[in-house]
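Data block below; observations after.
Atoms within each ligand, like the ligands themselves, are counted from 1 in listed order. As a basis for the values below, the full set of heavy atoms in this structure was taken, side chains included, without hydrogen atoms, waters or symmetry mates.
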Amino acid sequence: MSSSSQEFFHYRDGMLFCEGLPLGSLAEKYGTPAYAYSQGTILHNFERLRETLAQLPALICYSVKANSHLRILNLLRQAGAGFDVVSGGELTRALRAGAAPDTVVFSGVGKTQDEIDAGLAAGILMFNVESAGELALIESRACALQKVGRISIRVNPDVEADTHPYISTGQMIHKFGVPKEEASELYRRAARSSHLKIQGVACHIGSQILDVEPFWKALDEILAIAGHLAAEGISLNVLDLGGGFGIPYGGESPLDLERLAQGLNERLRSSSMKLIVEPGRTLVGNAGVLMTRVLYVKRNHRKNFVVVDAGMNDLMRPSLYGSYHEIVPVQKHSKERIQADVVGPICESGDFFAHDRNLPSVDPGDLLAVLTAGAYGFVLSSNYNTRTRPAEILVNGAQAELIRAREKVEELMATEEPGTGQ
Ligand code: LLP
């Protein structure tokens with residue numbers, strides 16, 4: 001288990017605890033598969049980041065997509081977070097969780113007119129604009145609604161972030177942002193409009209980044225653009241560095257936040273821009289586990305398979321990105337070990353949590369915990385194979401609360417029109 005999660009997820013007499021509660025009793029009470037989150041971990045992660053950035057005038061806008069449960073948004077809002085949203089739905093969630101509109105930034109390459117209207121109506125801090133077409137639409141909608149649209153241009157700085165290709169976003173080959181060469185022209189256009197107000201500049205170069213260097217490359221590009229614009233009389237007040245701060249899943253070192261903060265201090269010392277960061281994973285990733293029960297242990301030819309009751313529909317990261325998640329027994333009882341694939345019940349060979357994993361031997365009925373599942377876990381879940389999405393439980397000390405009931409099959413079919421069937 002990663003070091004920072006150890007205090008909150010730990011073994012006591014061979015039983016895995018989340019804060020003050022044994023996961024075995026949570027699984028008995030609420031069933032499996034289920035996500036269990038540690039409130040203490042989320043707040044600890046937030047406080048740690050805030051303290052690390054304390055030297056800078058910084059707003060931490062939690063990236064809602066990582067885990068958008070209203071309760072978690074509420075917790076982070078109360079702790080002082082703003083929000084990074086990427087859809088009208090996420091904007092609605094952030095506002096429902098009590099976010100002050102001027103702590104909300106709206107990112108994403110495909111904002112619709114309705115979503116832009118919603119952002120304008122709410123009076124959000126800024127749209128991070130990703131194309132000339134989007135800038136024009138925000139301007140025309142702001143004009144129609146008699147509002148002023150506050151904007152930053154999301155610059156694509158063309159830097160490589162050493163991460164999975166699906167979650168790298170800051171290179172020319174990616175759909176994100178505006179090429180750095182074209183950004184200045186968009187700023188000039190925005191500066192001429194009475195319905196647009198320039199807030200600053202944004203970028204986001206990818207997710208699960210473990211090394212600080214790509215951030216410096218991106219920052220250098222952005223500061224150069226800010227410098228050129230200042231010389232033209234266009235001043236930027238906000239620098240949004242995006243998110244992407246990597247965490248350990250299997251023994252890697254996390255992104256060194258102290259180094260990041262120190263480097264930001266040095267580079268931004270002479271600038272009057274306010275810093276925004278958009279972390280998702282680093283706030284909630286190690287705060288959640290997926291509890292699952294072993295259904296069968298089987299052997300096909302030379303391979304062992306541990307078949308569990310959670311599937312790729314519950315936690316998609318291993319199937320989608322080949323991501324590593326540590327898997328541990330909830331109750332340690334065996335000294336023997338096996339080498340096995342840990343797989344779900346879904347009818348696809350891509351439905352796996354681990355390949356050839358060395359695990360303590362398990363029997364049907366045993367509980368396993370898939371660790372570091374708090375970010376991009378439940379939010380990526382689906383109903384594939386008409387499987388109901390899992391329950392979510394929030395643990396705070398010795399208290400557990402069911403914050404989302406397990407779905408029921410009837411609910412899945414409730415909006416379907418079956419026809420008369422003759
Ligand atoms: N800001 C923007 C504009 C983003 O696109 C993202 C993530 C973030 C912030 C937050 O990034 P974080 O701090 O969480 O790395 N489903 C993938 C990750 C997709 C990330 C998408 N954008 C996964 O499970 O690894």
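Here is the list of ligand 1 atoms found below 4.0 Å of a heavy atom in G244: 11 (O), 12 (P), 13 (O), 15 (O). Atoms of ligand 1 lying under 4.0 Å from at least one heavy atom of G280, given by number and element, are 12 (P), 13 (O), 14 (O). Each of the following atoms of ligand 1 lies closer than 4.0 Å to a heavy atom of R154: 3 (C). Of all atoms in ligand 1, listed by their number and element, those nearer than 4.0 Å to a heavy atom of E278 are 1 (N), 2 (C), 3 (C), 8 (C), 9 (C), 10 (C), 13 (O). Applying the 4.0 Å criterion to heavy atoms of P279 picks out, from ligand 1, the atoms 13 (O). Ligand-side atoms of ligand 1 in range of Y321: 16 (N), 17 (C), 23 (C), 24 (O), 25 (O), range being under 4.0 angstrom from any heavy atom. Within ligand 1, the atoms closer than 4.0 Å to a non-hydrogen atom of G243 are 9 (C), 13 (O), numbered from 1 in the order shown.
Residue contacts with ligand 1, taken as heavy atom pairs separated by less than 4.0 Å, involve R281 via backbone and side-chain atoms alike. Under 4.0 Å from ligand 1, the heavy atoms of D84 that appear belong solely to its side chain.
A salt bridge does not link D240 with R154: every distance from a Lys NZ or Arg NE/NH1/NH2 to an Asp or Glu carboxylate oxygen is 4.0 Å or more.
With 3.5 Å as the limit, one finds a donor-acceptor pair spanning the side chains of E407 and N383.
Using a 4.5 Å heavy-atom cutoff, the side chains of F353 and V308 are in contact.
Ring to ring, F215 and F245 are close: their centroids are under 6.0 angstrom apart. For an aromatic pair to be called close, the ring centres must be under 6.0 Å apart, and F378 with H69 fails this.
For ligand 1, the polar-atom distance check finds an N/O of S207 within less than 3.5 Å of one of the ligand's N/O atoms.
Ranked by closest heavy atom to atom 8 (C) of ligand 1, the top entry among S63, A202, G177 is S63.
Y11 carries K332 over the face of its six-membered ring, with the cationic atom under 6.0 Å from the centre and within 45° of the normal.
Not a single heavy atom of G242 lies less than 4.0 angstrom from ligand 1. Assignment of A66 to the shell around ligand 1 is not supported, since no heavy atom sits closer than 4.0 Å.
Taking each heavy atom of S107 and D84 in turn, the nearest pair found is OG-OD1, 2.8 Å.
With K111 contributing its side chain and G119 its backbone, the two residues share no donor-acceptor pair below 3.5 Å. Side-chain atoms of N156 come within 3.5 Å of backbone atoms of D158 as a donor-acceptor pair (strictly under, hydrogens ignored).
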